[in-house]
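For reference, the structure is listed below as structure tokens.
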Amino acid sequence: FWFIGEGDVDRRLRADVAAFTPAAQAPRREGRRGGVWLCDAFAVKDREAGKARKLWRAHYWLLFAGVTTPTPVALQLHAGRGRVFVQRIQGPDLATELLDGAVNEPEVAEAARALGRAVGRMHGHGLRNRDLKFENLIRIPGSEQVAMVDLDGVTLHSAEDTRGCGRDLGRLLAAWQDAGEPGGPLAAQRFLFAYARARRRLLQDPPIPRILAHAARRAKEWRQRHC
């Protein structure tokens, strides 16, 4: 199944995807769910067929919601397994950039705003992502956008349902704290303002204080389990 949408897949990329074989190179990561390969122009995830279909749909969900994510290329199904191909975004993840000190204060502020907009739009469309950690976020080179690049944890719910919003924000809060709170309280404030503005632009008025209180609890629980 080939991606159909704005920025349709060009012939050269289609040919590269069609020629891909897992034996051609070692996977970047292998686990119980399947392998992950990083090629020059695209990334590949191998999953059970049902989970591969869900991952494929998740890319469409986020694109529809206006959330930056790698453009899907193709879904390949065979013998109960599935491979999802997406265009690769070049560049290090946000966790690596912060660890290397490669992000200055203005860039931290802009990343906080961009991420607040993205998560606000995602939640506003009923989408949740339990894997919101800095390792799964990439700043787009030459852009003010931050892309979500690992969508295995994306689920779809009712747009009016706020359950799961606090969990997502708590995961991000824990990641920010683990990174040494880059940008300080001002970065957190910019994120929250952008998040709330994105929800308002979708004509929504979620219980922000309750969501933030739940986020603080979940961040504390997550850090206690993993630190």
Side-chain angles (χ1 to χ4, degrees), residues 2-17 20 25 27-29 36-45 55-56 58-74 84-122 125 127 129 131-154 168 171-172 175-176 178-184 186-195 197-198:
W2 296 101
F3 171 70
I4 298 176
E6 186 177 353
D8 200 5
V9 182
D10 62 47
R11 292 183 179 180
R12 184 173 181 178
L13 186 55
R14 280 179 178 246
D16 290 342
V17 167
F20 171 80
Q25 62 183 51
R28 180 190 179 188
R29 186 169 64 247
V36 177
W37 290 261
L38 294 181
C39 303
D40 291 338
F42 57 86
V44 188
K45 277 192 174 182
L55 180 59
W56 178 251
H59 281 279
Y60 277 93
W61 289 339
L62 289 181
L63 288 172
F64 175 80
V67 178
T68 305
T69 186
T71 303
V73 177
V84 177
F85 297 77
V86 301
Q87 292 187 19
R88 185 178 176 186
I89 299 176
Q90 299 294 336
D93 57 62
L94 188 56
T96 300
E97 284 196 302
L98 291 171
L99 185 63
D100 294 343
V103 190
N104 58 36
E105 288 296 318
E107 290 172 333
V108 168
E110 186 51 51
R113 280 193 294 265
L115 191 54
R117 286 193 299 267
V119 178
R121 290 193 61 83
M122 181 181 75
H125 284 79
L127 296 164
N129 185 355
D131 292 331
L132 281 178
K133 53 186 178 180
F134 287 174
E135 289 85 350
N136 293 335
L137 300 170
I138 295 180
R139 294 192 306 139
I140 306 295
S143 165
E144 297 178 347
Q145 301 178 60
V146 176
M148 299 180 190
V149 298
D150 189 336
L151 307 186
D152 283 306
V154 172
D168 289 355
R171 183 67 186 86
L172 268 180
W176 180 64
D178 288 343
E181 300 186 2
L186 188 58
Q189 186 180 62
R190 283 172 171 156
F191 172 90
L192 291 174
F193 282 172
Y195 177 87
R197 190 181 303 117

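Residue numbers run from 1 in the order of the sequence given. Here the structure is a predicted model, which is why all the values come from computation and not from measurement.
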For this session: List the steps, then state whether side-chain contact (heavy atoms from CB on, under 4.5 Å) holds for Phe42 with Gln87.
Result: CA-CA 4 Å; Phe42 57 86; Gln87 292 187 19; 5.7 Å; no
Problem set entry | Non-hydrogen side-chain atoms of Arg139 and Glu107 separated by less than 4.5 Å | yes
For this session: Using the side-chain contact (heavy atoms from CB on, under 4.5 Å) rule, take Leu137 and Met148 through it: C-alpha gap first, then chi angles, then the decisive distance, then the call.
Result: CA-CA 5 Å; Leu137 300 170; Met148 299 180 190; 3.9 Å; yes
For this session: Kindly assign one of parallel, tilted or perpendicular to the pair Phe191 and Tyr195, based on the angle between their ring planes and the thresholds 30° and 60°.
Result: parallel
Exercise. Measuring from Asn104:CG to Glu97:CD, what's the distance to the nearest 0.5 Å?
Worked result: 10.5 Å
For this session: List the atom of Asp93, the atom of Phe134, and the distance in Å for their closest heavy-atom pair.
Result: CB-O, 3.8 Å
Exercise. CD of Gln90 to CG of Leu38: how many Å apart, nearest 0.5 Å?
Worked result: 9.0 Å
Problem set entry | Closest approach of Ala43 to Arg88 (non-hydrogen atoms, all atoms of both residues) | N-CB, 4.2 Å
Seminar exercise, completed: In short, Glu105 meets Gly183 closest at the heavy-atom pair OE1-CA, 3.6 Å
Seminar exercise, completed: Closest heavy-atom pair, Ala187 versus Pro182, reported as atoms and distance to 0.1 Å, is CB-O, 3.5 Å
For this session: Report the distance from atom CG of Leu98 to atom CG of Asp178, rounding to the nearest 0.5 Å.
Result: 11.5 Å
Problem set entry | Arg121 side-chain N/O to Ala65 backbone N/O, donor-acceptor pair under 3.5 Å | yes
Exercise. Does a salt bridge link Asp152 with Lys45, judged by any charged N lying under 4.0 Å from a carboxylate O?
Worked result: yes
Exercise. Between Leu127 and Val67, does a side-chain contact (heavy atoms from CB on, under 4.5 Å) hold up when you go through it step by step?
Worked result: CA-CA 10 Å; Leu127 296 164; Val67 178; 5.8 Å; no
Problem set entry | Exercise: identify the closest heavy-atom pair between Val17 and Ala74 | CG1-CB, 4.2 Å
Exercise. Just by modelled atom types, is the Leu62 backbone N or O under 3.5 Å from a matching donor or acceptor in the His125 side chain?
Worked result: no
Problem set entry | Other residues, nucleotides, ligands: >12 heavy atoms within 6.0 Å of Asp40 CG | no
Problem set entry | Phe20 atom CZ, neighbour heavy-atom count above 12 within 6.0 Å | yes
Problem set entry | Shortest non-hydrogen contact from Ala114 toward Gln145 | CB-CA, 4.2 Å
Exercise. Pro72 versus Leu63: any side-chain heavy-atom pair under 4.5 Å?
Worked result: yes
Exercise. Would Phe85 and Phe3 count as a close aromatic pair, with their ring centres under 6.0 Å?
Worked result: no
Exercise. With a 4.5 Å heavy-atom cut-off, do Val86 and Leu151 have their side chains touching?
Worked result: no
For this session: Look at Glu135 together with Arg171 and state whether they make a salt bridge at an N to O cut-off of under 4.0 Å.
Result: no
Exercise. Say you draw a straight line from CD1 of Ile138 to OG1 of Thr68; how long is it, rounded to the nearest 0.5 Å?
Worked result: 12.0 Å
Seminar exercise, completed: Rounded to the nearest 0.5 Å, the OG1 atom of Thr69 sits from the CD1 atom of Ile89 at a distance of 6.5 Å
For this session: Would you sort out whether Met122 and Asp168 count as a side-chain contact (heavy atoms from CB on, under 4.5 Å), showing the intermediate values?
Result: CA-CA 11 Å; Met122 181 181 75; Asp168 289 355; 3.8 Å; yes
Problem set entry | Spatial distance of atom CG (Leu99) from atom CG (Leu94) [nearest 0.5 Å] | 11.0 Å
